[in-house]
Amino acid sequence: MKRRILVADDDADLLQMITLRLRAAGFEVLQACDGAEALRTIRAEAPRLTVLDVMMPEMTGLEVCRAIKGSPHTATIGVVLLSARAEETDRIVGLEMGADDYLPKPFSPRELILRIEGILTRQQSRAVPTTAALQIGGIALNEEEHRIHSDGREVDLTASEFKLLRALMTNRGRVLTRSSLLDTVWGTERAIEARTVDTHLRRLREKLGSTGGQIRTVRGFGYRLEER
C-alpha cells in the first residue's frame, strides 16, 4: 500500500521543510497551502494520512479534520494536527474532532515522523480482508471498508443510502416500514419526512442498476430486499 501523505500549511517554508523530511523517510507527499485545497486533494487522492496546520485560511485544520472524519469515504484517513497553541484544551478539542494526534509547534521533524509511523502501524493492524460481509443476490456489502458492489461493479453511495441498504440487507426478506427505516437512518431528526425514504430508495435502486430490482416495494407497508 502506498505511503501517501498530504501536508497542509499556509507557511510555505514549514510546508517545504516537512515535505522534504517526509520524502526522505520514504513517503509520497502531496501539498496544500490552505484548508479548502487540502480537503479537495484528500477527496481526490485519498492519502493514508494528512498533516494539518490548525490555523489555515479558507478552512481551518479543525474544520478539515471534522469533514474527513465525518464522511464514511474518508473517515479512516489518519489526521495529525499541528498548532502553535499548546494548551491542553486545544489538544482536547482537536482529539474530540477525531484527530489521531496533535503536535504543538515548534516540533521535531523526527518526532512527527515517528507519530505518523505509529498511526500507520495502527491502521495496518486494523486492516481486514476485502471479502464482503454480506452478499445477497448480486449485492455485496462490506461494512468495514464501506463498499458496495452490484453484480461485481463498485457503487458509490451516500452515507444515508448505505445505511438504508444495510438495514434492508440485515433484515433480508422482512418488510421494513418507512417509519422503521426513518428511525434507523435519520434517528430522532423528526424534520425528515417519511417520503424522504422513498426518494432515497429510488436513487439507491438507480445506482445499483441491474440489482436495484432486489429492493421490492410492499404497497401500504414498506420495503423488502429479496435474493433476485
Side-chain angles (χ1 to χ4, degrees), residues 1-2 39 42-49 65-79 96-98 100 119-228:
M1 185 180 294
K2 289 184 178 180
L39 189 57
I42 288 163
R43 289 170 173 168
E45 301 293 339
R48 290 184 61 191
L49 182 142
C65 178
R66 184 192 296 117
I68 293 171
K69 297 300 184 179
S71 168
H73 301 292
T74 56
T76 59
I77 294 174
V79 175
E96 286 180 341
M97 290 288 184
D100 298 273
I119 294 169
L120 295 181
T121 298
R122 292 194 293 274
Q123 285 180 344
Q124 189 65 32
S125 69
R126 293 194 297 264
V128 295
T130 57
T131 54
L134 285 173
Q135 175 87 44
I136 300 176
I139 304 174
L141 181 148
N142 187 308
E143 177 75 26
E144 294 292 337
E145 295 185 354
H146 207 276
R147 287 183 174 180
I148 300 293
H149 286 82
S150 172
D151 281 340
R153 173 181 61 88
E154 187 163 4
V155 181
D156 186 25
L157 301 182
T158 65
S160 296
E161 291 164 351
F162 185 91
K163 290 177 183 177
L164 280 170
L165 183 57
R166 179 178 57 194
L168 290 166
M169 292 185 76
T170 54
N171 290 277
R172 172 180 10 196
R174 292 178 54 195
V175 177
L176 299 182
T177 65
R178 289 173 177 80
S179 178
S180 67
L181 288 170
L182 199 62
D183 288 340
T184 298
V185 177
W186 290 277
T188 58
E189 294 183 46
R190 297 306 177 190
I192 303 294
E193 298 180 1
R195 65 180 177 220
T196 299
V197 174
D198 299 329
T199 301
H200 279 75
L201 279 168
R202 183 175 67 253
R203 291 174 183 165
L204 175 58
R205 282 171 168 151
E206 291 172 355
K207 289 185 177 182
L208 289 173
S210 59
T211 63
Q214 288 183 228
I215 302 175
R216 307 285 187 177
T217 302
V218 182
R219 296 191 180 281
F221 293 94
Y223 295 90
R224 176 178 65 231
L225 184 73
E226 299 179 351
E227 289 282 349
R228 274 297 185 184

Taking the side chain as C-beta and beyond, is there a heavy-atom pair between L164 and I215 under 4.5 Å?
-> no
In terms of side-chain heavy atoms, does R205 have a donor or acceptor partner in T217 at a distance below 3.5 Å?
-> yes
So, do E227 and I136 sit near enough that their side-chain heavy atoms are less than 4.5 Å apart?
-> yes
So which heavy atom on D151 is nearest to which on S210, and how close?
-> OD2-OG, 2.6 Å
Spacing of L181 atom CG and S160 atom OG [to the nearest 0.5 Å] = 12.0 Å
4.5 Å side-chain heavy-atom contact, T211 and V155 = no
Considering all heavy atoms of both residues, which atom of L49 and which atom of I119 are nearest to each other, and what is their separation?
-> CD1-CG2, 3.7 Å
Does the side chain of N171 pick up a donor-acceptor pair with the side chain of Y223 at under 3.5 Å?
-> no
Minimum heavy-atom distance A140-Q135, with the two atoms named = CB-OE1, 3.3 Å
Within-4.5 Å side-chain heavy-atom neighbours: L225 and R172 = no
Smallest separation among heavy atoms of R43 and A67, with atom names | NH2-CB, 4.4 Å
Looking at CG of L208 and CD1 of I148, how far apart are the two atoms once the value is rounded to the nearest 0.5 Å?
-> 7.5 Å
Minimal non-hydrogen separation, R48 against L120, with atom names = NH2-O, 3.6 Å
Quick one: does Q214's side chain have a donor or acceptor within less than 3.5 Å of a partner on R216's backbone?
-> no
Would you say T170's side chain and A167's backbone share a donor-acceptor pair under 3.5 angstrom?
-> yes
In short, P47 meets I77 closest at the heavy-atom pair O-CG1, 3.3 Å
Here the gap from M169 atom CE to I139 atom CD1, rounded to the nearest 0.5 Å, amounts to 6.0 Å
Counting distance only, does the side-chain N/O of K69 pair as donor-acceptor with the main-chain N or O of T76 below 3.5 Å?
-> no
CG (L157) and CZ (R203) are apart, to the nearest 0.5 Å, by 12.5 Å
Do the side chain of E154 and the main chain of R147 share a donor and acceptor less than 3.5 angstrom apart?
-> no
Nearest 0.5 Å please: distance from the CG atom of L165 over to the CG atom of L134.
-> 9.0 Å
Should E143 and R166 count as an ion pair when the cut-off is N to O under 4.0 Å?
-> yes
Look up atom OG1 in T158 and atom NE2 in H200, then write down how far apart they are to the nearest 0.5 Å.
-> 5.5 Å
